[in-house]
Amino acid sequence: MKKLLLLAATFSVLSSSAFAGQKMDITVKGMVCSFCSQGITKKFKEEGVKSVDVDLGKHLVSIELQDKQELSTEKITKILTDSGYGVEKIETK
Amino acid sequence: MVLIETSYQGVKVLIKFFGASLLFLSVILGRAEAHPVAFAGSYSIMTWNSKDMSDWMLTHSFTSKYSLAARYLRLQTEDGERTFYVPQVNVLLKRWNELDSQANVYLSLGHGGEKVKSSFKNTSSVALETDWESRKYYVSARGDALLSHKSSDQSIYQTKLRAGFAPYLAEFDEMNAWFILEAFKSNKDEKEFKLTPFIRLFYHNVLTEFGVSSRGDAQFNFMVHF
């Protein structure tokens with residue numbers, strides 16, 4: 001019974017992570033002003049991402065994709081370039 | 001320490017309240033202002049207003065480097081009141097993006113008219129602007145020329161220098177406050193030089209500035225992009 005419960009719990013965790021949206025941290029260059037950074041959130045939302053968070057202190061834009069959504073590093077770089085910024089690094093969590 | 005923290009929070013609350021009031025007023029008065037070039041696909045409205053000047057610009061940024069603008073400018077000069085209507089193109093010539101700072105050079109070129117009685121005189125405009133900012137400090141310099149095709153005596157040359165600092169580091173979803181000192185000079189101004197301290201407040205995509213010059217003239221600037 002214990003093994004069955006453990007198996008069910010494992011399956012539950014695995015299945016939820018398989019469908020959960022991917023999270024990414026993007027370190028952005030030149031992002032010093034929240035007024036000027038509004039384009040970043042607007043552009044990512046236009047791409048249909050689930051959430052966008054900006055941390056000016058850490059120079060970080062954190063995005064969470066929709067389930068099964070894909071966003072290439074080239075596309076992410078283009079979004080930030082179109083917003084007027086540079087990309088230092090992109091990390092997938 | 002607790003006292004300092006409490007005072008700091010108090011200042012932030014006061015600034016937020018003042019900022020909210022200014023934003024409310026700006027909406028009521030219907031005033032607005034915008035950057036020369038913003039993010040690709042964006043629209044901006046910007047305006048600078050004082051007793052001697054009313055400068056309005058509606059801008060559309062096609063990319064993060066180019067924008068087109070329609071500009072209306074009314075100036076009170078030593079030659080009397082002058083009004084210009086100038087379509088212009090704004091170009092981001094160069095941007096330096098660093099982790100803790102950003103620097104820019106913008107060029108604006110326009111050709112339009114100055115309204116004189118019921119006719120228009122050809123006028124060209126050129127402006128060069130450069131700025132550097134971090135989250136804590138800001139400096140900028142701008143030179144403007146409104147070139148009259150009829151007479152070079154009628155041309156207007158303006159220079160604007162600015163420096164500012166943020167009293168606290170605001171995060172993305174917080175009200176930002178800046179103290180800015182502006183030095184302004186124009187060849188068509190009766191007095192040579194004007195100093196104006198400004199308080200700049202912005203929240204999300206709306207920015208306002210309010211200042212009173214060394215001559216006692218109030219100035220109100222507003223910018224929004226969407």
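As a basis for the values below, the full set of heavy atoms in this structure was taken, side chains included, without hydrogen atoms, waters or symmetry mates. Order of the sequence lines sets the chain letters (A, B, ...), proteins ahead of strands, with each chain counted from 1.
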Is it the case that atom [atom1] in [X] sees more than 12 heavy atoms from other parts of the structure closer than 6.0 Å?
X	atom1	answer
Glu46(A)	CD	yes
Tyr72(B)	OH	yes
Tyr137(B)	OH	no

*Return the minimal non-hydrogen interatomic distance between Gln38(A) and His204(B), and the atom names on each side.*
NE2-CA, 3.2 Å

*Which atom of Val54(A) lies closest to which atom of Glu171(B), heavy atoms considered*: O-OE1, 3.7 Å

Does [X] reach the side chain of [Y], with side-chain heavy atoms less than 4.5 Å apart?
X	Y	value
His59(A)	Asp100(B)	yes
Lys29(A)	Trp96(B)	no
Leu99(B)	Thr27(A)	yes

*Interface moiety of Arg95(B) toward chain A, non-hydrogen atoms closer than 4.5 Å*: side chain

*Let me know if Glu133(B) has heavy atoms under 4.5 Å from chain A in its side chain, its backbone, both or neither.*
both

*asked:* With a 4.5 angstrom heavy-atom cut-off, is it the side chain or the backbone of Asp53(A) that approaches chain B, or both, or neither?
replied: neither

*What part of Thr81(A) is in contact with chain B, defined as an atom under 4.5 angstrom from a non-hydrogen atom: side chain, backbone, both or neither?*
backbone

*Got a donor-acceptor contact below 3.5 angstrom from the Asn97(B) side chain to the Gly84(A) backbone?*
yes

*In Å, rounded to the nearest 0.5 Å, how long is the span from CZ of Phe39(B) to NZ of Lys42(A)?*
4.5 Å

*Give, for atom OG of Ser64(B) and atom CG of Leu80(A), the distance between the pair rounded to the nearest 0.5 Å.*
11.0 Å

_The test is side chain to side chain contact (heavy atoms under 4.5 Å, CB included); show your working for Phe202(B) and Cys33(A) and say whether it passes._
CA-CA 10 Å; Phe202(B) 56 92; Cys33(A) 157; 4.0 Å; yes

*Picking from Ser134(B), Gly41(B), Ser61(B), which has the most non-hydrogen pairs under 4.5 angstrom with chain A?*
Ser134(B)

